[in-house]
Amino acid sequence: MFVLSRMLGAAACALALSWQAPAAAQAPAQPAATPAPAPLLQNAYGRQHLSLNGRWNYIIDPYEMGYYDYRRQPFDASPSGKGGFYEDLKPKNKGEWVEYDFDLAPTLNVPGDWNSQAEKLSLYEGTVWMRQVFQAEPKADKRYVLYFGAVNYEAHVYLNGKKLGTHKGGFTPFQFDVGGKLNKGRNVVIVKADNTRHQDEIPTVNTDWWNYGGITRDVMLVELPATYIADYKVQLAKGDPKRIDVAVRVDGAQPAQDVVVEIPEAGIKASARTDAGGRAAFSIPARALRYWSPEDPKLYRVRIAAGPDSVEDRIGFRTIETRGKDILLNGKSIFLRGISLHDENPLIPGRLRGEGDMRMMLQWAKELNANYVRLAHYPHSERMVRLADEMGLLVWAEVPVYWTISWNNPDTYRNASSQLTDLVVRDKNRASVIVWSIGNETPVSAPRNAFMGRLADTVRGLDDTRLVAAALEVHREGKNVVVQDPLADKLDLASFNEYAGWYWSSTKDMLNYRFDIKYDKPVVITEFGADALGGYHADDETRWSEEYQALIYRNQFRMLTAIPGLRGMTPWVLADFRSPRRQHPYFQDFWNRKGLVSETGQKKKAFQVLKDFYDEMQKTYK
Ligand code: GCB
């Protein structure tokens with residue numbers, strides 16, 4: 001039994017530390033040696049864990065005085081390591097100087113972005129310190145991992161006053177080994193979260209979504225045996241519906257173990273021995289599987305055991321491939337009736353806070369008769385993808401390589417590549433995920449082609465069983481909308497965004513355009529759309545009206561169905577979402593209004609137009 005228990009509310013227990021001289025008065029600081037997070041644990045949710053979600057005390061620190069001394073030297077890089085807010089100090093004596101106090105600081109809910117939880121933070125970009133206190137009784141024969149679903153953007157994590165490490169990237173999980181670092185009794189975890197945008201980061205400074213900061217996804221302390229299953233992949237072999245490929249990595253004290261994989265409902269039990277490095281890869285014949293599909297999202301209970309450890313998952317089995325202009329799901333041509341969505345709840349603006357919010361979004365997609373969602377423009381939560389598995393929605397999963405990235409910077413590339421890797425590592429067992437997208441609307445140039453080309457190779461190297469794509473741009477030559485991009489040679493889909501009727505051409509003139517797509521690949525339109533203020537009605541030539549948006553959808557269907565090889569679409573976008581780029585004081589007021597659902601949850605006219613189109617496609621598509 002897991003014997004950690006959570007202490008709710010902050011304990012006012014003073015730590016036995018006294019205030020130190022500022023670090024600048026001592027030896028000059030060395031660049032902080034910041035350990036990288038440990039390799040990701042597969043299926044953290046399926047493990048014994050203590051949730052550290054709940055109310056966290058927070059301190060807004062725009063000048064980062066809890067991180068740097070007055071000479072701008074980081075406290076955590078000074079020889080004493082003292083002076084930073086991560087010490088969680090309380091004055092020991094009456095006269096002592098301490099200018100912060102977590103116990104008296106207000107609280108925020110985790111998981112949750114900070115912008116939507118405090119007036120002062122709604123437009124804030126910078127550092128916020130967050131603290132949680134919990135009780136633990138660590139056992140000598142167990143390992144412990146502190147796991148974060150996501151922190152936007154840069155996280156410095158401290159446990160009991162000591163730095164565990166840092167992580168960059170706002171949408172992927174990370175973890176630190178904390179074995180030997182937990183106290184028996186009271187423990188304090190402090191996160192310095194900083195959502196400042198930078199040109200060289202992923203994403204870069206310029207996006208069309210709200211830069212929600214903070215600990216936006218679950219936090220947990222995971223307990224593992226000394227030898228444990230660190231990672232596994234259990235999926236159908238590429239192009240072979242009669243074979244399950246298994247890869248397992250065991251870590252810890254004795255990585256050489258017998259591994260057993262069981263799928264009781266399918267009568268499957270197979271085993272193999274891991275090598276000295278803890279790895280095993282083997283295939284299992286699978287003759288009588290019920291394949292996962294949107295119509296029948298069958299998930300099997302899969303049990304993996306190795307030595308003292310075992311873990312359970314729910315996994316679906318399906319194949320996905322392209323042949324010429326066709327997308328084949330389980331060998332059968334499919335039309336992707338999709339919709340794009342952000343990880344944002346329009347009703348209480350902010351990141352999706354939990355399964356209820358996520359179900360609401362995916363249920364709207366279902367009401368459109370969608371079988372597919374584009375989780376734009378960054379990795380959504382693991383829980384969202386698991387829900388898509390359960391609800392029968394195919395998924396396009398993406399990394400925030402968006403617009404004008406610093407293509408020539410090797411660090412920027414490493415960052416993009418590690419976000420993509422972490423996404424694949426996390427979601428590789430999800431049947432719903434059929435597409436890895438390496439980016440959105442990245443303008444063609446030699447350095448960009450090289451950067452994106454490498455990303456495409458990287459993701460294929462990690463997983464050759466799914467499709468690789470990107471949302472490309474189009475250009476116009478006369479009345480031709482041309483799709484031509486050197487990157488397309490490395491991709492499985494001809495997928496692109498086009499805004500006929502909104503950013504170019506009129507509602508009438510758009511119908512004179514033809515698509516000129518240079519590739520013999522399935523065509524999947526990743527975006528089209530138009531803004532409409534929910535409840536604003538006018539004739540269909542009036543911008544911002546629901547009628548205008550509905551007309552654009554009808555005209556788009558006329559244009560798009562003329563494309564030979566059209567195999568799907570994800571119009572932009574399911575729900576209105578907040579964006580600092582959207583400045584019209586009446587129609588926008590910081591909202592991108594291309595949603596089919598308004599910020600009050602009202603379905604705009606175009607919602608029904610798209611649903612009717614999908615109903616028709618479902619009937620006629622063979
Ligand atoms: C796009 C972007 C998307 C924007 C959308 C718009 O092409 O991919 O992130 O929000 O257009 O509304 O302009």
Side-chain angles (χ1 to χ4, degrees), residues 152 170-171 197 202-212 338-344 346 349 351 361 373-380 396-405 416 435 437-444 448 452 469-476 481-483 485 487 491 493-505 510 515 524-534 543-546 548-549 552-553 556 559-560 568-584 587-599 604 606 610:
N152 191 34
F171 305 98
R197 289 167 295 128
I202 303 285
T204 178
V205 285
N206 197 18
T207 69
D208 187 24
W209 66 80
W210 208 262
N211 181 22
Y212 289 112
I339 188 71
S340 300
L341 55 128
H342 266 294
D343 177 9
E344 181 181 288
R351 292 270 173 241
M361 299 295 281
V373 286
R374 176 181 180 208
L375 302 182
H377 282 298
Y378 38 73
H380 289 216
W396 160 298
E398 188 160 297
V399 284
V401 178
Y402 182 96
W403 292 352
T404 50
I405 297 292
V435 181
S437 165
I438 58 174
N440 179 76
E441 290 185 350
T442 55
V444 174
R448 168 276 192 182
M452 295 298 282
L472 303 177
E473 293 190 308
V474 297
H475 67 273
R476 277 168 293 143
V481 183
V482 182
V483 183
D485 184 326
L487 179 63
L491 307 176
L493 303 175
S495 42
F496 53 89
N497 301 346
E498 56 86 10
Y499 279 91
W502 187 254
Y503 291 127
W504 51 271
S505 84
M510 65 190 281
F515 286 90
V524 177
I525 317 297
T526 29
E527 288 179 32
F528 66 82
D531 285 62
L533 178 63
R543 276 209 185 228
W544 310 105
S545 71
E546 289 196 27
Y548 187 102
Q549 188 189 39
I552 296 299
Y553 270 70
Q556 281 282 354
M559 290 173 77
L560 298 177
M569 57 183 73
T570 45
W572 193 253
V573 58
L574 180 63
D576 287 356
F577 62 93
R578 294 180 73 203
S579 168
R581 294 172 61 81
R582 304 300 169 172
Q583 297 284 348
H584 191 286
F587 293 114
Q588 295 177 306
D589 188 24
F590 283 144
W591 285 88
N592 184 314
R593 296 290 186 196
K594 294 190 187 69
L596 296 174
V597 176
S598 76
E599 96 274 20
K604 302 179 196 171
L610 181 59

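As the structure lists them, so they are numbered: ligands from 1, and atoms in each ligand from 1.
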- Message: Tell me whether the NZ or CZ atom of Arg578 lies within the 45° cone about the ring axis of Trp210 and under 6.0 Å from its centre.
- Response: yes
- Using the six-membered ring of Tyr378, assess whether NZ or CZ of Arg351 lies under 6.0 Å from its centre and within 45 degrees of the ring axis. yes
- Message: Out of the candidates Arg582, His377, His342, only one should pair with Asp208 under the side-chain hydrogen bond (donor to acceptor under 3.5 Å, both in side chains) rule; please name it.
- Response: Arg582
Results of side chain to side chain donor-acceptor pair (under 3.5 Å) for [X] - residues two or more places apart only:
X	result
Asn152	Asn211
His475	Glu477
Arg197	Glu125

- Give the protein residues with at least one non-hydrogen atom closer than 4.0 Å to an atom of ligand 1, ordered by chain and number. Asp208, His377, Tyr402, Asn440, Glu441, Asn497, Tyr499, Tyr503, Glu527, Trp572, Phe577, Arg582, Asn592, Lys594
